Amino acid sequence: MKQHEDFFQLVYQVVRLIPKGRVTNYGAIAKYLGSARSSRMVGWAMNAAHNQKPKVPAHRVVNRNGELTGKHHFETPFLMQELLEKEGIKIVKDKIQNFDKHFWSPTKELEL
DNA sequence: TGGGTGACCATAG
DNA sequence: ACTATGGCCACCC
């Protein structure tokens, strides 16, 4: 069992907790899991999120600016935006509008 | 051992 | 809006 697989599961577990219509960013997840892991590792974990058995709502994870930087890793480049818009989030030019309003922080919402 | 890369982040100019 | 740096950590040459 490789160590990084445990980290993957932790990331997926947090992402699954993101409520519908809310979003968070890679750094917040990394912080929640501990500063030992950087946000780069979260993005790296998301790279393998698409074929997880319990589905991972990867579209609810964006970068710190609310930009859909991960859209190219979906089946189609439009899927990520479509999923978010279906949850009531407005997106203009790959950027989430009212990002602070939709933002969901695991460290705060999960009451660490 | 070392360089390049990445769904990142912060700061500076 | 843009680039450049430095930090971050694991992976793959």
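Given the structure is predicted, the values throughout are model-derived calculations rather than measurements. Quick note: numbers below take in every heavy atom, side chains included, and nothing from hydrogens, waters or symmetry partners. Residue numbers begin at 1 in each chain, while the letters A, B, ... track the order of the sequences.
Comparing C:dA10, B:dA10, B:dA7 against the side chain of A:Met41 picks out C:dA10 as the nearest. When distances are taken from the side chain of A:Trp44 to each of B:dA7, B:dC9, C:dC11, the shortest belongs to C:dC11.
Atom CZ of A:Phe8 sits about 9.0 Å away from atom CE of A:Met41, to the nearest 0.5 Å. For the atom pair CG (A:Asn63) and OG1 (A:Thr69), the distance works out to 4.5 Å, reported to the nearest 0.5 Å.
Screening A:Lys71, A:His102, A:Met80 for a side chain to side chain contact (heavy atoms under 4.5 Å, CB included) with A:Val62, the sole residue that qualifies is A:Met80. The salt bridge (Lys or Arg N to Asp or Glu O under 4.0 Å) test with A:Glu87 is passed by exactly one of A:Arg22, A:Lys20, A:Arg60: A:Arg60.
Atom NZ of A:Lys31 and atom C1' of C:dC8 are 15 Å apart (whole Å). One atom, CG of A:Leu33, and another, P of C:dC9, lie 13 Å apart when rounded to the nearest Å. In this entry the distance linking CE of A:Met46 with P of B:dT5 reads 24 Å, nearest Å. For the pair A:Arg64 CZ and C:dG7 C1', the computed distance is 13 Å after rounding to whole Å. Atom OH in A:Tyr26 sits about 19 Å away from atom P in C:dA10, given to the nearest Å. Rounded to a whole Å, the CZ atom of A:Arg60 is 17 Å from the C1' atom of B:dA7. Remark: C1' of C:dC9 and CD1 of A:Ile29 are 16 Å apart, rounded to the nearest angstrom. Per the geometry, CD belonging to A:Glu67 stands 10 Å off P belonging to B:dC9, to the nearest Å.
Remark: the backbone N or O of A:Pro54 is paired with a side-chain donor or acceptor of A:Arg16 at under 3.5 angstrom.
Between B:dA7 and C:dG7, the distance separating the two P atoms is 22 Å to the nearest Å.
Within the nucleic acid shown, A:Asn47 comes within 4.0 Å of at least one base atom, counting heavy atoms only. Residue contacts for A:Ala45: at a heavy-atom cut-off of 4.0 Å it reaches no nucleic acid atom on any strand shown.
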### Watson-Crick and G-U pairing of DNA chain C, under 3.5 Å, as dot-bracket with | and [ ]
.||||||.|||||

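Hydrophobic clustering of Ile, Leu, Val, Met, Phe, Trp and Tyr side chains at less than 4.5 Å, counting indirect connections, keeps A:Val61 apart from A:Leu83. Residues A:Ile91 and A:Phe103 fall within the same hydrophobic cluster, defined by Ile, Leu, Val, Met, Phe, Trp and Tyr side chains chained together at heavy-atom separations under 4.5 Å.
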